[in-house]
Colleague: 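My questions all concern the structure below.
In what follows, every heavy atom counts, from backbone to side chain, and hydrogens, waters and symmetry copies are set aside.
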Amino acid sequence: EEEPGRADPTVPTIELLQGGAGGWTIELVAGADRPMGWAIALHGGAGDIPRTLPPERREPRLATLRRCLDLGAAALRAGRSALDVVELVVRELEDCPHFNAGKGSVLTSDGTVEMEASVMDGTDMRCGAVSGLSTVVNPISLARLVMDKTPHIYLAFDGAEAFARDQGVEIRDQSHFITEENIERLRNAKEANRVQIDYTQYNYTQPIQAPNDDDNSRTGTVGCVAVDASGGLASATSTGGLVNKMAGRVGDTPVIGAGTYANALCAVSTTGKGEDIIRHTVARDVVAVMEHRGLPLEEAAARVVAGVPRGSVGLVAVSAAGEVTMAYNTTGMFRACATEDGHSEVAIWPA
C-alpha cells in the first residue's frame with residue numbers, strides 16, 4: 001500500500017540540492033521504475049470547431065497533422081533530440097497554408113502579416129522568441145537562432161527582421177503570406193467588427209458567437225512538444241495571431257511561460273485566446289502544479305485548463321516520464337500524438 005503523502009514513483013520530481021557559496025541547484029529525481037521512451041504531441045489550434053465542419057475543410061488539416069506526426073516520430077526513433085524535432089515539425093506546419101502560422105498567417109487590421117514564435121529547450125531552459133515578423137518564411141527557426149546565436153531571448157519587429165537578414169534565413173515578400181482566403185477572412189471580420197481567434201469569432205466587448213459552418217478560412221496556431229529517448233524535453237509554438245488584430249499586438253505564443261515552456265519535468269505548447277493564456281501563465285502553470293503538488297502530467301494539465309475561462313485554451317504536453325496529454329476547454333482542438341510504445345492518435349473533438 002502506498003505510504004500517505006508519498007509521490008507517485010513513476011512521476012519525476014524536483015529536489016533542491018545545496019551548492020557552493022550558499023546557492024541551490026535543481027535536480028530531476030526520477031523513480032527507479034518510471035517508464036522511459038520518446039513521445040511527441042502537436043496541435044493545429046483550438047476553438048469552437050463545429051462537428052459539421054465539411055470534410056474538405058477538415059481532412060487536409062488532419063492529413064497534415066498525420067504527416068507531421070509521422071515525421072516527428074521517425075526523427076525521434078532515429079535518435080534526434082527533442083529540440084531538433086519540435087523545430088522540424090513546426091517548420092512543416094508553418095509551410096502548410098491550412099494553419100495560422102507561416103504561410104497561413106492571418107492578417108492584422110491593417111491587412112499586414114505579423115507572425116510570432118517561440119522555442120524552449122527543457123534540458124538547460126534556454127529559449128528564444130520572435131514577433132512582428134512579416135517576411136520570414138519559418139519564424140520558429142528564427143526563434144531558435146535567437147536562442148542559439150544571441151545573448152537575448154526575445155527579438156521583435158524591425159530588430160527581428162534585421163537579425164533574420166543577418167542570419168541568412170529564407171525571407172519572402174509579404175505578398176507570399178497574404179492569401180485570398182485570409183483577405184476574405186479579414187473582410188468578414190471587419191464587417192462584423194470582430195477580432196477572430198482560431199476557429200472562433202471573438203469580439204473583446206461582445207459574447208462569443210457561433211461561427212458559420214461554411215467558413216472556409218478556419219486556421220489555427222501550431223505547436224509541438226517532444227521528449228526524446230534520453231529524457232530531453234522541448235517545446236515550440238508558432239502563429240499569425242488574431243484576424244483583424246491591432247497592428248503591433250503580441251499574443252501568448254512568443255511569451256515564455258504562457259504559450260511555450262519546457263524544463264526537466266515537462267514541455268507545454270498552448271493555443272487559444274492569447275490574452276487569457278498570458279493572464280493565467282498557462283504553460284508554466286502546468287509545470288508548477290507538477291513541481292509543487294507532485295501531480296502527474298494529465299491531472300496537472302486538466303487543473304490548469306479548468307482554471308482558464310471556458311472556450312479560451314488548449315494545450316499539448318509531454319513529460320520526462322513519457323506521459324502525453326492534450327487538454328482543452330474549447331469545443332475541439334486539432335491535435336495528434338505518438339509514443340514509443342506504439343500509441344498514436346489524431347483527433348479534433350472529444351471521443
Colleague: Using the rule given for side-chain contact (heavy atoms from CB on, under 4.5 Å), can you reason through Ser118 versus Ile256, listing the C-alpha separation, both sets of side-chain angles and the distance that settles it, and then say yes or no?
Modeller: CA-CA 7 Å; Ser118 65; Ile256 301 299; 4.0 Å; yes
Colleague: Where do Asp110 and Thr108 land on the side-chain hydrogen bond (donor to acceptor under 3.5 Å, both in side chains) test, with the steps shown first?
Modeller: CA-CA 5 Å; Asp110 291 343; Thr108 71; 4.9 Å; no
Colleague: Going by an N to O cut-off under 4.0 Å, is there a salt bridge joining Glu275 and Arg249?
Modeller: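 Yes, this pair counts.
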Colleague: Between Glu291 and Arg284 (salt bridge meaning N to carboxylate O under 4.0 Å), is one present in this structure?
Modeller: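 A salt bridge links Glu291 with Arg284.
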Colleague: Roughly how far apart are Leu242 CG and Leu107 CG, rounded to 0.5 Å?
Modeller: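 If I round to the nearest 0.5 Å, the distance is 12.0 Å.
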Colleague: Any ion pair linking Asp148 and Arg126 (charged N to carboxylate O, less than 4.0 Å)?
Modeller: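 Yes, Arg126 and Asp148 are salt-bridged.
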Colleague: Taking only residues two or more places apart in sequence, or in another chain, which ones meet Met125 in a side chain to side chain contact (heavy atoms under 4.5 Å, CB included)?
Modeller: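 Applying side chain to side chain contact (heavy atoms under 4.5 Å, CB included) to Met125 gives Met120, Tyr261, Asn263.
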Colleague: So, does Asn182 use its side chain to make a donor-acceptor pair with the main chain of Ser105 at under 3.5 Å?
Modeller: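 Yes; at least one donor-acceptor contact below 3.5 Å.
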Colleague: Any luck finding a side-chain donor-acceptor pair between Thr135 and Gln174 under 3.5 Å?
Modeller: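 Looking only at side-chain atoms, Gln174 and Thr135 do not form any donor-acceptor pair under 3.5 Å.
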Colleague: Would Arg67 and Asp70 pass as an ion pair if we require N to O under 4.0 Å?
Modeller: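 Salt bridge between Arg67 and Asp70, a charged N being under 4.0 Å from a carboxylate O: no.
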Colleague: Are Arg310 and Asn329 linked by a side-chain donor-acceptor pair shorter than 3.5 Å?
Modeller: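 No, because no side-chain N or O of Arg310 sits under 3.5 Å from a partner of the opposite role on Asn329.
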Colleague: I'd like to know if Glu94 and Arg91 make a salt bridge, using a cut-off of under 4.0 Å between side-chain N and carboxylate O.
Modeller: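 Result for this pair is no, no salt bridge flagged.
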Colleague: Hydrogens and angles aside, do Thr260 and Ser269 bring a side-chain donor and acceptor to less than 3.5 Å of each other?
Modeller: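 On atom types as modelled, these side chains do not qualify, holding no pair under 3.5 Å.
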Colleague: Report the C-alpha distance between Thr239 and Thr253 in whole Å, list the side-chain angles of each, state the deciding distance to 0.1 Å, and finish with yes or no for side-chain hydrogen bond (donor to acceptor under 3.5 Å, both in side chains).
Modeller: CA-CA 7 Å; Thr239 191; Thr253 292; 4.6 Å; no
Colleague: Verify, without hydrogens or angle tests, whether Thr281 (side chain) and Ile278 (backbone) share a donor-acceptor contact under 3.5 angstrom.
Modeller: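 Checked: no pair found.
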Colleague: Once side-chain hydrogen bond (donor to acceptor under 3.5 Å, both in side chains) is applied, do any residues pair with Ser235, and if so which ones, sequence neighbours excluded?
Modeller: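 Scan of Ser235 (side-chain hydrogen bond (donor to acceptor under 3.5 Å, both in side chains), adjacent residues dropped) gives none.
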Colleague: I need the Asp121 CG to Ser81 OG distance, nearest 0.5 Å.
Modeller: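 Spacing of CG (Asp121) from OG (Ser81) equals 7.5 Å.
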Colleague: Could you tell me whether a side-chain N or O of Ser312 sits under 3.5 Å from a main-chain N or O of Val308, the two making a donor and an acceptor?
Modeller: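 Answer holds: no.
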Colleague: Which atom pair, heavy atoms only, marks the closest approach of His43 to Leu65?
Modeller: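 Of all heavy-atom pairs spanning His43 and Leu65, the closest is C-CD2, 4.4 Å.
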